[in-house]
Protein chains: 2
Amino acid sequence: MNNKQIETIRHFNRKYTQQLGILQKNVFNSEISWAEARILMDVGYMKNPTPMKIAINLDLDKSYVSRVINKLNNLKYIEKKDTKKDKRTKLLYLTNTGKQVVEQLNINSDKQIQLIIDNLSNEEQESFYQSINTLNQLLEKGGINHVEN
Amino acid sequence: MNNKQIETIRHFNRKYTQQLGILQKNVFNSEISWAEARILMDVGYMKNPTPMKIAINLDLDKSYVSRVINKLNNLKYIEKKDTKKDKRTKLLYLTNTGKQVVEQLNINSDKQIQLIIDNLSNEEQESFYQSINTLNQLLEKGGINHVEN
DNA sequence: CAAAGTAGTGGCTTTTGTCCACTAATTAAT
DNA sequence: ATTAATTAGTGGACAAAAGCCACTACTTTG
């Protein structure tokens with residue numbers, strides 16, 4: 001991999017995060033902010049989510065995560081349950097309301113994605129998807145910061 | 001483009017921003033924060049950068065950008081020059097120091113990219129690059145929020 | 001069992017940004 | 001051409017997002 005190629009990747013990173021940043025502002029609702037939405041969605045996606053695992057996964061401070069989780073808990077979006085194995089940790093669950101909110105966030109997110117690809121032809125859309133798919137697989141292998149079970 | 005495909009893209013967005021978020025924390029130096037670095041780099045990348053264009057490009061409030069630019073100006077990273085055409089706007093330039101800082105930020109950024117692709121084989125790296133390259137081109141066409149000259 | 005480490009929490013601070021009002025300059029409308 | 005409406009940049013005040021540190025309760029290691 002030469003410098004020119006690295007530079008292309010850097011360019012993509014800049015451009016794509018910028019675009020996502022703009023889109024994400026339209027994703028979350030008035031109840032919760034983007035960071036809070038990210039954490040909520042992570043509770044939905046993770047296998048056995050605990051505050052600590054989420055903090056590591058999203059690279060956020062654990063005290064910040066703790067506060068956000070309390071807020072989400074007050075909103076009745078998630079529940080905290082003590083574990084028997086380790087009395088320090090708490091397992092997190094989405095409530096039914098929480099699941100609905102996550103679902104809505106995903107719908108909003110998908111709409112924003114559509115905004116980008118709607119400008120592309122069918123062939124280009126397919127090409128877009130294939131590239132993303134490839135990157136997903138490569139990230140799965142090469143990516144950093146895997147948080148397991 | 002079906003739902004399954006959209007979902008794959010959403011998954012990528014989540015995963016990739018997460019990875020980038022982690023990496024970016026290792027990019028900026030002690031003098032300036034990440035948001036400040038973003039603005040500084042934008043001054044370097046844009047054609048005829050003005051505070052307003054940067055605010056639009058990064059989707060930031062203009063008063064915030066104004067303050068950051070003043071800080072970067074105090075650090076002697078950038079210069080503000082009045083334009084003759086429109087006396088309201090100020091054109092921004094990197095100083096030599098500023099160019100060095102941007103260069104260093106890019107180097108740091110590249111190192112972080114290397115961290116990801118180092119885990120991949122040569123073929124996979126090539127594949128990674130090709131996908132990124134395709135996405136760059138498609139974003140150029142389909143993307144939103146183009147800020148021109 | 002003592003020592004070292006870990007999960008979660010709260011107080012406090014910094015970073016990041018928003019909102020508003022204002023000035024000076026530019027552009028549009030009459 | 002003069003007035004009216006917009007626009008770029010700035011500063012004050014404030015709010016939201018996130019980080020740092022110290023602490024408690026619990027667990028793991030030796």
- Is the Phe12(B)-Tyr16(A) ring centre distance short of 6.0 angstrom? yes

- Message: Over all strands shown, is Trp34(A) touching base, sugar-phosphate only, or nothing at heavy-atom distances under 4.0 angstrom?
- Response: nothing

- Query: Where the side chain of Ser63(B) is defined as all heavy atoms beyond and including C-beta, which of dG11(D), dT9(C), dG8(C) is the nearest nucleotide?
  - Reply: dG11(D)

- Item | Sugar-phosphate, base or nothing in reach of Asp61(A), heavy atoms under 4.0 Å | base

- Per atom distances to the Lys80(A) side chain, the nearest of dG9(D), dT16(C), dT9(C) is dT9(C)

- Message: So if I take every side-chain heavy atom of Pro51(A) and compare against dA18(D), dG9(D), dG8(C), which nucleotide ends up nearest?
- Response: dG8(C)

- Residue pair Ile6(A) / Ile117(B): nearest heavy atoms and the distance that separates them: CD1-CD1, 4.0 Å

- Please evaluate the base of dT6(C) for a donor-acceptor partner in the side chain of Arg88(A) within a cut-off of under 3.5 Å? yes

- Task: Strictly below 4.0 Å, heavy-atom distances to any atom of DNA chain D: list the hits from residues 65-73 of chain B, or just say none.
- Result: Ser66(B), Arg67(B), Asn70(B)

- Taking the side chain of Lys90(A) as heavy atoms from C-beta outward, which of dA18(D), dG8(C), dA25(C) is closest to it? dG8(C)

- Between Asn108(B) and Gln104(B), do the side chains contain an N or O donor and an N or O acceptor separated by less than 3.5 Å? yes

- Task: Could you tell me whether Lys62(B) contacts a base, only the sugar-phosphate backbone, or nothing, with contacts defined as non-hydrogen atoms closer than 4.0 Å?
- Result: base

- Message: Please compare Met52(A) and Lys25(A) by the position of their nearest nucleotide in DNA chain C and report the one closer to 5'.
- Response: Met52(A)

- Check: Thr89(A)/Thr83(A) side-chain N/O donor and acceptor closer than 3.5 Å: yes

